[in-house]
Each structure stands twice: as C-alpha cells, then as structure tokens.
Amino acid sequence: GTSEAGATFYAVWEINRFTVSFAVNESGAGTVSPTSLANVPYGSGITENGNTLTINGSTITATASDGYRFTGWSNISGTITANRTITANFEIADFEVTLDKQGGEGGSSSVVATYTQAMPTITPPVRDGYIFNGYYSGTNGTGTKYYNADGTSAHVYDIIGETTLYASWTSIA
C-alpha cells in the first residue's frame, strides 16, 4: 500500500483480561458464588478475608454445606496473570457430644464425633442396681440409639452441631 507523507500511525494497547474460575475440593462439601469471574484485568490482586475473596472489585464467597466447615483457599497467591482456578477447601466437621449419665457414674463424659462417621468408642458408665443399655438422643431410651451397652457405636453421627446423649438404664430388681 501507499501512505501519505506525514501520516502518523498510533498503536492502541489493551490490557489482557482473564477468567478466574472457582471450584470446591469435595463434591457436596460446599459452594462458591459466583462460580467464575470474566474479564479480570492482568495484574489484579486477590484479597482474602476468611471465606471471602475480593478480585477486581468482585466478592467471592465460599459457603460450607451442613456438617462441613470451610478450611481455606488454594491457588490465591500472586496477581492474576493468566486464566486461573481457585479452590475453596472444606472438611467434614467435628462436634462435641456430651454424655449425660442419668444417674450413672464413671465412664466417658464427652466425645468429639465426626459428622457422618461412626461414634468413637467410649467407656460405659455404671450404676448400682441397673444395667446400662446405651446412649440415646432422648431420655429413657427414646430417640436414636448412638451407643451400644459395650460403648461401641450403634449409629453414625448425623446431628449438625453439638448435642447431648442420654444414658438408658434397666433396673435389675
């Protein structure tokens, strides 16, 4: 082609933009919203505040599913210089379970139970004139049986949060 004498040409530069995607480390353990950010400018920083991130003015939130807890983010160091996937990490939660001996003595007073897992083995209590039947979610052997008479698990821990289980006794007399 030809050019006119004295014509000036200018380069037009546009900053590179990238997509940042968000994932969850275990299916069903939680969610991240939004699931991606488009058009994030090159060099954008990532600010972490617990279960939230801020990238280029957008807030990303990780929310644990029932029975899980948020444990942190993976792949958040440095600035955005390419497409990137950031992962929200969750783990199954542990809960304190108080064992109400209902007149019994000795044995375990509490345990730390893991959601969806078998109850940890305990030492059963004793009570003069009674046979220990196990620990239940309700008093007098009502509700769900969580412990057998020998202190072994009768049921997985399926309560979201801390709770109290109650000893069940049968009179020998």
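Just so it is clear, the values below take in all heavy atoms, side chains as well, and ignore hydrogens, waters and symmetry mates.
Side-chain atoms of Ser21 and Arg84, non-hydrogen and from C-beta on, never get closer than 4.5 Å to each other. By the 4.5 Å heavy-atom criterion applied to side chains, Ser108 and Tyr147 are not counted as neighbours. Using a 4.5 Å heavy-atom cutoff, the side chains of Trp73 and Thr87 are not in contact. Annotation: side chain of Val97 is not in contact with side chain of Glu162 (no heavy-atom distance under 4.5 Å). By the 4.5 Å heavy-atom criterion applied to side chains, Pro125 and Tyr135 are counted as neighbours. Under the 4.5 Å side-chain criterion, counting only non-hydrogen atoms from C-beta, Thr59 is in contact with Thr54. Annotation: side chain of Tyr68 is not in contact with side chain of Thr116 (no heavy-atom distance under 4.5 Å). Looking at heavy atoms from C-beta onward, Asp158 lies in side-chain contact with Tyr146 at the 4.5 angstrom threshold.
Between atom CG of residue Asn89 and atom CZ of residue Phe70 there is a gap of 7.0 Å, rounded to the nearest 0.5 Å. Between the NE2 atom of His155 and the CE atom of Met119 there is a distance of 10.5 Å, given to the nearest 0.5 Å. Between Thr123 atom OG1 and Leu99 atom CG the span is 10.5 Å, to the nearest 0.5 Å. Atoms CG and OG1, on Asp100 and Thr163 in that order, are 11.0 Å from each other to the nearest 0.5 Å. Here the CD1-CD1 distance, from Ile86 to Ile80, works out to 5.0 Å after rounding to the nearest 0.5 Å.
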Acceptor/donor pairs from residues 28-52 side chains to any protein atom, 3.5 angstrom cut, sequence neighbours excluded:
| residue | atom | partner | partner atom | Å |
| --- | --- | --- | --- | --- |
| Ser44 | OG | Pro41 | O | 2.7 |
| Asn51 | ND2 | Ala62 | O | 2.6 |
| Thr52 | OG1 | Asn49 | O | 2.9 |

Anything under 3.5 Å between a donor and an acceptor, one on a side chain of residues 166-173, the other on a protein residue two or more places apart or in another chain? List them.
| residue | atom | partner | partner atom | Å |
| --- | --- | --- | --- | --- |
| Ser168 | OG | Asn133 | ND2 | 3.1 |
| Trp169 | NE1 | Lys101 | O | 2.9 |
| Trp169 | NE1 | Gln102 | O | 3.3 |
| Thr170 | OG1 | Asn133 | OD1 | 3.3 |
| Thr170 | OG1 | Asn133 | ND2 | 2.8 |
| Ser171 | OG | Ala173 | N | 3.4 |

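For the pair Ser137 and Leu165, the tightest heavy-atom approach, listed with the atom from each and the gap, is CA-CD2, 3.9 Å.
Hydrophobic clustering keeps Val112 apart from Ile122 (ILVMFWY residues linked when any side-chain heavy atoms are closer than 4.5 Å, directly or through intermediates). Tyr136 and Tyr130 fall into different hydrophobic clusters, where Ile, Leu, Val, Met, Phe, Trp and Tyr are joined by side-chain heavy atoms under 4.5 Å apart, directly or via other members.
Remark: side-chain polar atoms of Asn25 are paired, donor with acceptor, to backbone N or O of Phe90 under 3.5 angstrom. Judged by distance alone, the side chain of Asp150 and the main-chain N or O of Thr152 form a donor-acceptor pair under 3.5 Å.
Salt-bridge formation is not detected for the pair Glu105/Arg127: no Lys NZ or Arg NE/NH1/NH2 atom is positioned less than 4.0 Å from an Asp or Glu carboxylate oxygen.
Annotation: ring pair (Phe, Tyr, Trp, His ring centres under 6.0 Å) contacts of Tyr157 (sequence neighbours excluded): none.
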Please step through side-chain hydrogen bond (donor to acceptor under 3.5 Å, both in side chains) for the pair Asn56 and Ser58, ending with a clear verdict.
CA-CA 6 Å; Asn56 193 36; Ser58 295; 6.0 Å; no

